[in-house]
Each structure stands twice: as structure tokens, then as C-alpha cells.
Amino acid sequence: MSIVKINALTVPAEQREVLEQRFASRAGTVENSDGFEWFELLRPVEGTDQYLVYTRWRSEEDFQAWMEGPMKAAHQGGGGAGGAGGEGGERPKPAASGSSVWSFEVVQQASPKKA
């Protein structure tokens, strides 16, 4: 079965809009990556300042290939949620003040019943 990676990003209130805009304008390379199955950016509603970035992958190998290829390139060189900015300009300050990645294997799943 699939694997899930959840990146828990600590985002101060004044940086929430910046983070959401960066994700909205990301290059979209994750959607075209081999083995990619799902993405969600989850905004906290109450009791925490952590956003959750949920991705689902066919395998750990597919996730690692994305991390070492398209994700690494996007965060080093241009655009995307990682915070790279304008052409030839300085990289903008990261929107998140902390990050940790959680890994899970999908062992059970369900979808809505079809009518």
C-alpha cells in the first residue's frame, strides 16, 4: 500500500498568508512526479500554529526520488512553497519557523460508497 508524508510546519500568524500564497503559486512539480497520489495543505483552525502538508505516494522510493529531484531543485533555485523568490534576487525569509516530517504506511483505507 501507499505511504504518507506529513510535514508539520510551525507558522506564525503573520506568515500564514505568505505560506498559503507560496503553496498556491508553486510550480506543481509534485503533481507530475512518478508515484505521487495526493496533496493537501491543511490550515490550523484552533489550538495550534502548525500547518500540515499531506502528501501520499505509491512508495518510499517514489517519495525519495521526488525529494532528491524536483523538490530539491525547487527549494534551491526558484519559486515554490520553499521560499525561493525573484529572478536573481535574494531568497525571501521562510514563512515557517520550524518543520518536522512524519512518515506513515497506509494499512487500511475506505472511500465513500457509490449510490
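Below, each value reflects all heavy atoms present in this structure, side chains not excepted, and no hydrogens, waters or symmetry copies.
- Under a 4.5 Å side-chain heavy-atom cut-off, the cluster of Ile, Leu, Val, Met, Phe, Trp and Tyr residues that includes Val106 is completed by Met1, Val4, Ile6, Trp38, Leu42, Leu52, Tyr54, Trp102, Phe104.
- Here Val101 sits alone; no ILVMFWY side chain lies under 4.5 Å from its own, so it joins no hydrophobic cluster.
- The side-chain hydrogen bond (donor to acceptor under 3.5 Å, both in side chains) check on Asp62 picks up Arg58, Ser59, with sequence neighbours excluded.
- Between Met71 and Ser33, every side-chain heavy-atom pair lies at or beyond the 4.5 Å cut-off.
- Counting only heavy atoms from C-beta outward, the side chains of Val53 and Phe23 approach each other to under 4.5 Å.
- In this view, Val18 and Gln15, Arg22, Ala95 satisfy the side-chain contact (heavy atoms from CB on, under 4.5 Å) rule, not counting sequence neighbours.
- Among residues two or more places apart in sequence or in another chain, the side-chain hydrogen bond (donor to acceptor under 3.5 Å, both in side chains) test is passed with Asp49 by none.
- When the ring-ring contact (aromatic ring centres under 6.0 Å, His included) test is applied to Phe36, the partners found at least two apart in sequence or on another chain are Trp57.
- When the shell of 6.0 Å around CD of Glu14 is examined, it contains more than 12 heavy atoms from other residues, nucleotides or ligands.
- Listed by chain and residue number, Ala8, Thr10, Thr48 satisfy the side-chain contact (heavy atoms from CB on, under 4.5 Å) test with Gln50 (two or more places apart in sequence, or in another chain).
- Contacts of Glu20 classified as side-chain hydrogen bond (donor to acceptor under 3.5 Å, both in side chains), with partners at least two apart in sequence or in another chain: Arg43, Tyr51.
- Members clustered with Val107: none, using a 4.5 Å side-chain heavy-atom cutoff among hydrophobic residues.
- Taking all atoms of both residues into account, the shortest heavy-atom contact from Ser100 to Asn7 is O-OD1, 3.2 Å.
- In this structure Glu40 satisfies the salt bridge (charged side-chain N to carboxylate O under 4.0 Å, His left out) test with no other residue, sequence neighbours excluded.
- Take Gln109 and apply the side-chain hydrogen bond (donor to acceptor under 3.5 Å, both in side chains) test, not counting sequence neighbours, and it matches Arg56.
- Residues passing the side-chain contact (heavy atoms from CB on, under 4.5 Å) test with Glu60 are Ile3, Lys5, Phe63, Gln64, sequence neighbours excluded.
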